[in-house]
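Within every chain, numbering begins at 1; the chains are lettered A, B, ... in the order of the sequence lines, protein sequences first and strands thereafter. No experiment lies behind these values; they were computed from the predicted model shown.
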Amino acid sequence: MVPVLAGAGSVAAVTAPGWPDDAVALEALQDRLAAQRPPPWRPAGEPLVAAVAAADGGAGLVAAAVLARGPRVLAGTTVTGPAPGPYAPSLLALREGPLLAAAVAALGRRPDVLLVAAAGRDHPRRAGLALHLGAALDLPSAGVTDRPLVAVGPEPGPARGDTAPLLAVGEEVARAVRTAPGVRPVVASAGWRTDPATAAALVLSTTAGVRLPEPLRAARRRAREAR
DNA sequence: GCGACAG
DNA sequence: ATCTTGTCGC
């Protein structure tokens, strides 16, 4: 657990969640994170986005983070570390959480919002890695995935910008987003202090012609090339 | 060629 | 996430 000051002049401090190293502790933390409803965040103008992604390296893991304004990538970093364990569905944070957090810290500049290659609220316990990372770093966050983890919903229309709600247990937790004509929709998952609409808007504002947001593509490429 | 897509 | 071969299309 890393203590984080709530803000200049404030007396109270909030305790940011850390990165548990076993499934039981992580599941308990996910339950607690999902129950919290911190003040929603909305982009003011064109936010400074940090996108993060991880790749499996021979030795362990490599995580990359890039800074971007819309689809324009400004800078990036890469960090390497051992793989804490094998991948398990709904427990991705166990494996990638600490290293992704380190990659964001290594940027040396605090973004306005995080775009994470992982699920957010679209999760069995409503707190996937995208949401968790935002809470841990005290930054608004949204998730982007190829397909839903648990949520279901209709196909969006064929035009870029068309969206359709993705629901889990009656709640809209994500949005299917058509980022370009003729491509399969991506899932924009609500995260820490973001709702599905904000996540979808963020995905669209960082996408330029191809299916995935440019900052995410850049982060993935960096991570892969650093292997 | 680069990106999407099957599996 | 990764591997890998091939087809289609701009």
Side-chain angles (χ1 to χ4, degrees), chain A residues 19-21 23 26 30 50-66 68 70-73 76-104 106 114-120 122-124 127-133 141-151 154-164 174-189 191 200 203-227:
Chain A
W19 302 103
D21 55 9
L26 176 58
Q30 288 172 338
V52 291
D56 280 311
L61 294 178
V62 37
V66 306
R72 302 176 307 280
V73 174
T77 55
T78 265
V79 296
T80 302
Y87 165 78
S90 86
L91 300 175
L92 184 59
L94 239 31
R95 183 172 168 82
E96 297 187 355
L99 205 59
L100 290 184
V104 174
L114 253 29
L115 201 55
V116 186
D122 169 27
H123 178 97
L129 176 54
L131 183 149
H132 188 159
L133 190 62
S141 66
V144 179
T145 58
D146 270 351
R147 48 181 188 128
L149 190 47
V150 296
E155 274 268 308
R160 161 170 167 88
D162 287 344
T163 68
R175 232 129 151 151
V177 180
R178 188 85 62 188
T179 53
V183 304
R184 183 164 42 98
V186 301
V187 177
S189 195
V203 165
L204 283 168
S205 68
T206 51
T207 300
V210 296
R211 187 164 100 106
L212 292 174
E214 295 301 322
L216 231 30
R217 298 186 6 146
R220 234 195 265 293
R221 227 181 33 228
R222 265 183 164 275
R224 255 197 280 248
E225 282 169 357
R227 286 185 302 178

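Distance CZ (A:R95) to P (C:dA1): 11 Å, rounded to an integer number of Å.
Counting non-hydrogen atoms of other residues, nucleotides and ligands closer than 6.0 Å to CZ of A:R147 gives a total of 12 or fewer.
Nearest heavy-atom pair, A:A219 versus A:A64, reported as atom, atom and distance to 0.1 Å: O-CB, 3.2 Å. Shown here for A:D21 and A:L94, the closest heavy-atom pair between the two residues is C-CD1, 4.0 Å. Between A:P215 and A:G70, the closest heavy-atom pair is CG-O, 3.8 Å.
When atom types are taken as modelled, the side chain of A:R211 and the backbone of A:V183 share no donor-acceptor pair closer than 3.5 angstrom. For the pair A:D56 (side chain) and A:L61 (backbone), a donor-acceptor distance under 3.5 Å is absent. A side-chain donor-acceptor contact under 3.5 Å links A:R227 to the backbone of A:R224.
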Its contact letters, B for base, S for sugar-phosphate only and - for none at protein heavy atoms under 4.0 Å, make nucleotides 1-7 of chain B read --SSS--
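Once rounded to the nearest 0.5 Å, the distance linking CG of A:L133 with CG of A:L115 reads 11.0 Å.
When side chains are defined from C-beta on, A:R222 counts as touching A:V66, because their heavy atoms get closer than 4.5 Å.
Here A:E214 pairs with A:R217 in a salt bridge; the nearest charged N to carboxylate O distance falls below 4.0 Å.
Near DNA chain C, defined here as any heavy-atom distance below 4.0 Å, there are no residues from residues 76-91 of chain A. Non-hydrogen atoms lying under 4.0 Å from DNA chain C are contributed by nothing in residues 143-150 of chain A.
Of the side-chain N and O atoms in A:R227, one or more sit less than 4.0 angstrom from OP1 or OP2 of C:dT2.
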